[in-house]
Each structure stands twice: as C-alpha cells, then as structure tokens.
Amino acid sequence: MKFRLLKADEIDVRVATINEKGCSLLLYKDARCDMNILDETVGADNWQRRHYDCKGNLFCSVGIMTCGEWIWKDDCGAESYTEKEKGEASDSFKRACVNWGIGRELYTAPFIWVPAAKVDIKKDTKTNKLKTYDTFFIEKIAYDESGKIKGLCISKNVKNGKERVFIWQKESAAKEPS
C-alpha cells in the first residue's frame, strides 16, 4: 500500500531551537492530516485506531483492511507540554501512521536554520529566555522520484503578506521547488 506524499499546506513548521544568531525549524504533520490521508487512500471504513498502555507508555495501533483482513502497525507517543494525555495519544497515532508510510518523507528534510536578521527574536522578561512569535509555513516543497525532499521554501507571515526566510534545493535538483 502506497500513500501519497504530503502537500505543502499539510506540513506545519515550528521553532526547534532559538538563540541570538537565529532559530532552527522542524517540519511536522498533525493527526488530522493522517486521518484525511487514510480516509482518502483506503476509505473511512477501512482503517481504525486503538490505544493501549504498555509498561507505562501509551501506544496506538492503526489497522487497515487489506485483502479482507486487518493489518496493524503500532508505535508509542510522548506527552506534549500542553494537554499531556491528548498530546500523547495524538503523537502515538501520528507515529503509527509513519509506520504505514504517511509523512515519512519529512525525515528527509534538511537542517533548517533561519538567521536572526530574518526572525523577530525577543527576550521573555519572565523567563529571561529568547523566543519568537513569528509563524512559519511551507510555501513550496518538491520531492525526488524516491519521495525524498529535494527542494523547500519556508516563509513567515508579515503585515502585508509573506517573507521568504529559508530556501533550499538539493544540488542535483535542477528546478525550483513547486
């Protein structure tokens, strides 16, 4: 079973680390994206999920009806900083979906660094830590024949539109990401 590659508007971007020189970004997908791709590819009645506890870890098992029988793939999740139980359930589901191949291409992303000149970095007066309120999004993404990311353009929202903050193209790729 083959799942399609993620579209630019299905990929979210978050700040991973931040310092006075800039910030690194991570690409991820949310659980609704996985549900939509499962519905689209196998049909809403041909997949299911269930959660279970194993040695104190929450696992999710995603089953897909294949050739008249259920095939299951599992993975565990990690608690989130907010709504830890919900976050753990969502994380285990997303990881189980990666085991099926949904969004696996995100693991081929390059290291994404945005220099301080392109990010509004502020010091939090309460915690004395650096942070940004900038929001980032994938403007364009391109894949090679094997499903690996070969081009990426990330922008951020600004008052009058968007500003490109990261553009990357694999050396062997000849054209701009689409």
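Just so you know, these numbers use all the heavy atoms, side chains as well, and skip hydrogens, waters and symmetry mates.
Trp72 carries Arg50 over the face of its six-membered ring, with the cationic atom under 6.0 Å from the centre and within 45° of the normal.
Closest non-hydrogen pair, Ala89 versus Ser92, comes out as O-OG, 2.9 Å. Here the closest heavy-atom approach between residue Ala31 and residue Phe93 is recorded as O-CE2, 3.6 Å. Considering every non-hydrogen atom in both Cys76 and Arg95, the closest pair reads O-CD, 2.8 Å. The two atoms that bring Ile121 and Ala116 nearest to each other are CD1-CB, 4.1 Å, heavy atoms only.
Here the NZ atom belonging to Lys150 is positioned 10.5 Å from the CH2 atom belonging to Trp168, to the nearest 0.5 angstrom. In this structure, the separation between CH2 on Trp47 and OG1 on Thr66 is 14.0 Å, given to the nearest 0.5 Å. Here OG1 of Thr41 is found 5.5 Å from CZ of Phe3. Values are rounded to the nearest 0.5 Å. Note that the SG atom of Cys153 and the CD atom of Gln169 stand 10.5 Å from one another [nearest 0.5 Å]. Going from atom OG of Ser155 over to atom CD of Glu163 covers 8.5 Å, rounded to the nearest 0.5 Å.
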Side-chain donor-acceptor pairs of residues 10-17 under 3.5 Å, sequence neighbours excluded:
unit_1 : atom_1 : unit_2 : atom_2 : d
Glu10  : OE1    : Arg4   : NH1    : 2.9
Glu10  : OE1    : Lys7   : N      : 2.8
Glu10  : OE2    : Arg4   : NH2    : 2.7
Thr17  : OG1    : Ser24  : OG     : 2.6

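By the side chain to side chain donor-acceptor pair (under 3.5 Å) test, Tyr52 is found to be paired with Asp74, residues two or more places apart in sequence or in another chain being considered. With sequence neighbours left out, the side chain to side chain contact (heavy atoms under 4.5 Å, CB included) criterion links Asp134 to Val119, Asp120, Thr132, Phe136, Lys156. The side chain to side chain contact (heavy atoms under 4.5 Å, CB included) test applied to Met65 returns Asn46, Trp70, not counting sequence neighbours.
Within the structure, no pair that satisfies the side chain to side chain donor-acceptor pair (under 3.5 Å) test touches residues 102-119, not counting sequence neighbours. Annotation: salt bridge (Lys or Arg N to Asp or Glu O under 4.0 Å) contacts involving residues 25-35, sequence neighbours excluded, comprise Lys29-Asp34, Asp30-Arg32.
A continuous path of Ile, Leu, Val, Met, Phe, Trp and Tyr side chains, each step under 4.5 Å between heavy atoms, connects Leu38 with Met1, placing both in one hydrophobic cluster.
Leu6 places none of its side-chain heavy atoms less than 4.5 Å from the side chain of Ile138. Here the side chains of Ile71 and Ile64 are not in contact, with every heavy-atom distance at 4.5 Å or above.
Side-chain atoms of Asn19 come within 3.5 Å of backbone atoms of Gly22 as a donor-acceptor pair (strictly under, hydrogens ignored). Distance alone, capped at 3.5 Å, is enough to place a donor-acceptor pair between the Trp100 side chain and the Val62 backbone. Judged by distance alone, the side chain of Asp124 and the main-chain N or O of Asn128 form no donor-acceptor pair under 3.5 Å.
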Task: Derivation of the side-chain contact (heavy atoms from CB on, under 4.5 Å) call for Phe166 and Leu152 - done: CA-CA 8 Å; Phe166 180 85; Leu152 187 60; 4.1 Å; yes

Task: Residues Leu58, Asp91; criterion side-chain contact (heavy atoms from CB on, under 4.5 Å); working and verdict - done: CA-CA 9 Å; Leu58 184 66; Asp91 191 47; over 6 Å; no

- [ ] Take Asn157 and Phe137 through the test side-chain contact (heavy atoms from CB on, under 4.5 Å) and record every step on the way to the result.
- [x] CA-CA 8 Å; Asn157 292 316; Phe137 63 94; 3.3 Å; yes

TODO: Test Arg49 against Met35 for side-chain contact (heavy atoms from CB on, under 4.5 Å), laying out the working first.
DONE: CA-CA 10 Å; Arg49 73 192 254 192; Met35 292 176 214; 3.5 Å; yes

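In summary, of the residues considered (Ile167, Val114, Leu27, Ile141), a side chain to side chain contact (heavy atoms under 4.5 Å, CB included) with Ile154 occurs for Leu27 alone.
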